[in-house]
**Q** 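The structure that follows is given in the form of structure tokens.
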Amino acid sequence: MEVVEEDPYRFRIARRARMRVPGVVFASRDLLSHAEKALEQVVNVAALPGIVGASYAMPDVHWGYGFPIGGVAATDVADGGVVSPGGVGFDISCGVRLLAADCDRTAIGPALPAIMDGLGQDTPRGAVTGAVWHLGSDRLLERVLAGGSRYAVEEGHGEDGDLRRCEDDGAVADADTGQVGARARERGLGQVGSLGSGNHFLEVQEVAEVYDEPVAAAFGLALGQVCVMIHCGSRGLGHQICSDHVRAMDRAMRRYGIEVPDRQLACAPVDSPEGRAYLGAMAAAANYARANRQLLGELSRRVFRREAGVRLTLVYDVSHNLAKIEEHEVDATPRTLCVHRKGATRALPPGHPDLPADLRGVGQPVLIPGTMGTCSYVLTGVPRGEAFHSTCHGAGREKSRHQAARGVSGRELRSRLEARGIAVRASSWRGLAEETPEAYKDVSAVVEASEGAGLCRRVVRLVPLGVVKG
DNA sequence: ATGTAC
């Protein structure tokens, strides 16, 4: 495959064969050398009906189901543009929530072990079912699917200021709960307020470096400040919705005469019964994920208040697996696009109307979870951001789970982390070993390339004090 | 990521 360096941190794959648009990869040379296999998927995505601009890849791109993880693709709704569940991923609206404590590391120090014990005991996690909120009935699940974080806050699981610091004010509009199947509902009923497993985590962190003090201050962040970062998604419910709609679209494609280079790119026109059905179900799953993070945030607040008398304020909540109908200019013409971000984070620039008033001057907080035991970042959107205002989402896996677990035992990894002063509360040794930092790309290199490519700007770097793992 | 296969 011919990949041409256009600028430092920007590479182009020229159009050929079935590609409707070129591929654009934002990466350093080093990161690009790890992404070769995923670039085949970038090329495949470029063949989607209605795709505009380019098939984009972020610096943390890696192999995924059909679409690469770290991919961004937008289709023109009025020009036969399609929506594809593979362009969102199985974990619909997987994302990150960051809360800031009203104290710094030195003040909280003595209470940290009790806080970690409290979080470790109270956070439902791992592959098994268990939740903070026992819905008990399909009627209440229906409200979660329609109302997301907003419904959780209305029911007392949150504070007044929370919703304006959530993407979409805490709930995606246009959820069509009628498109959420019985199996998805069954799986979702007992998991609202649970972390899950894999790379999902809850971390207590400290702001270790501030790159832009005025923007950090607008976000409510300062050097030394204690934070809580929560990375999780829509659990079994989102997974089931993705499976159900991939199957429906696989059947529908022939009827619409759509041909794609990989069956995993199953899709349907946005403006079709199947396209609308998926988008409605996807929005419901997105609301479930938002409610999930809202409840885990509340759980953290309770533990911090109980163990240390510390208050937590929401900085932001943003998803990195979602398709959204957005207005963008294409060739100087405003168009309505379906923007797929899979392992890519929306990064609104300063002045964007979708930002809350108190952030309008500085841009959207972009939350980047690092690998366990390394660091995480808060970035912000920039004017003229490319790829429809998108940037990276994290470190990006490099080694398989199996490879990772072969290299280190869970017990050994925990002692390594604890020796560095990081408290570990894991639910499975095997799960911990699979998430060893060596299995991932360097999140700092990913963030550096994203900033270098002009997709975002660094605001602060966070380091872990304690980690709760599924 | 995921009741790690239907």
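Per chain, numbering begins at 1; letters A, B, ... match sequence-line order.
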**Q** Grab the OH-C1' distance between Tyr288(A) and dT2(B) for me, whole Å please.
**A**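 In whole Å, dT2(B) C1' lies 13 Å from Tyr288(A) OH.
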
**Q** Can you tell me the distance, in whole Å, between the CZ atom of Arg401(A) and the P atom of dT4(B)?
**A**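 Whole-Å distance recorded here is 13 Å.
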
**Q** Does one side chain, of Tyr440(A) or Arg397(A), offer a donor that lies under 3.5 Å from an acceptor on the other?
**A**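 On atom types as modelled, these side chains qualify, holding a pair under 3.5 Å.
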
**Q** Applying side-chain hydrogen bond (donor to acceptor under 3.5 Å, both in side chains), can you list everything that pairs with Asp354(A), at least two apart in sequence or on another chain?
**A**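 Residues passing side-chain hydrogen bond (donor to acceptor under 3.5 Å, both in side chains) with Asp354(A): none at all.
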
**Q** If the cut-off is 4.0 Å, is Ser243(A) near the phosphate of dT2(B), judged by side-chain N/O to OP1 or OP2?
**A**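 Ser243(A) to dT2(B) OP1/OP2: no side-chain N or O under 4.0 Å.
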
**Q** What is the distance from CG of Asp244(A) to P of dT2(B), rounded to the nearest Å?
**A**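 Distance check: Asp244(A) CG to dT2(B) P gives 17 Å.
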
**Q** Taking atom types as modelled, find out whether Tyr377(A) and Ser444(A) have a side-chain donor-acceptor pair closer than 3.5 angstrom.
**A**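 Result is yes, a qualifying pair exists.
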
**Q** Expressed in angstrom and rounded to an integer, what is the separation of Gln240(A) atom CD from dT4(B) atom P?
**A**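 Atom-to-atom, Gln240(A) to dT4(B), this comes out as 11 Å.
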
**Q** CZ of Phe90(A) versus C1' of dA5(B): gap in Å, rounded?
**A**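 Answer to the nearest Å: 13 Å.
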
**Q** What parts of residues 38-45 of chain A reach DNA chain B, counting only heavy atoms under 4.0 Å away?
**A**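 Within this stretch, nothing sits under 4.0 Å of the strand.
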
**Q** Take atom NE2 of His245(A) and atom P of dT2(B), then tell me their distance rounded to the nearest Å.
**A**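 Roughly 19 Å, once rounded to whole Å.
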
**Q** Output all residues satisfying side-chain hydrogen bond (donor to acceptor under 3.5 Å, both in side chains) with Arg150(A), sequence neighbours left out; order by chain, then residue number.
**A**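 Testing Arg150(A) for side-chain hydrogen bond (donor to acceptor under 3.5 Å, both in side chains), a comparison that skips the adjacent residues, returns none.
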
**Q** What residues form a salt bridge (Lys or Arg N to Asp or Glu O under 4.0 Å) with Glu154(A), not counting sequence neighbours?
**A**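 Here no residue qualifies.
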
**Q** With sugar-phosphate meaning primed atoms plus P, OP1 and OP2, does Gln191(A) contact a base, only sugar-phosphate, or nothing at under 4.0 Å between heavy atoms?
**A**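 It contacts sugar-phosphate atoms only.
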
**Q** Considering every strand and a 4.0 Å limit on heavy-atom distances, what is the contact class for Gly233(A): base, sugar-phosphate, or nothing?
**A**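 The residue Gly233(A) makes no contact with any strand.
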
**Q** Output side-chain donor-acceptor pairs under 3.5 Å for residues 70-77 of chain A, partner residues at least two apart or in another chain, one line each.
**A**
{"unit_1": "Thr75(A)", "atom_1": "OG1", "unit_2": "Val82(A)", "atom_2": "O", "d": "2.8"}
{"unit_1": "Asp76(A)", "atom_1": "OD1", "unit_2": "Ala78(A)", "atom_2": "N", "d": "3.2"}
{"unit_1": "Asp76(A)", "atom_1": "OD1", "unit_2": "Arg335(A)", "atom_2": "NH2", "d": "3.3"}
{"unit_1": "Asp76(A)", "atom_1": "OD2", "unit_2": "Arg335(A)", "atom_2": "NE", "d": "2.7"}
{"unit_1": "Asp76(A)", "atom_1": "OD2", "unit_2": "Arg335(A)", "atom_2": "NH2", "d": "2.9"}

**Q** When the distance from CD of Glu435(A) to C1' of dT2(B) is rounded to whole Å, what number comes out?
**A**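 From Glu435(A) CD to dT2(B) C1': 14 Å.
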
**Q** Considering residues at least two apart in sequence or located in another chain, which fulfil the side-chain hydrogen bond (donor to acceptor under 3.5 Å, both in side chains) criterion with Tyr65(A)?
**A**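 Applying side-chain hydrogen bond (donor to acceptor under 3.5 Å, both in side chains) to Tyr65(A) gives none.
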
**Q** Which whole-number value in Å describes the distance from His239(A) NE2 to dC6(B) P?
**A**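 Interatomic distance, NE2 of His239(A) to P of dC6(B): 9 Å.
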
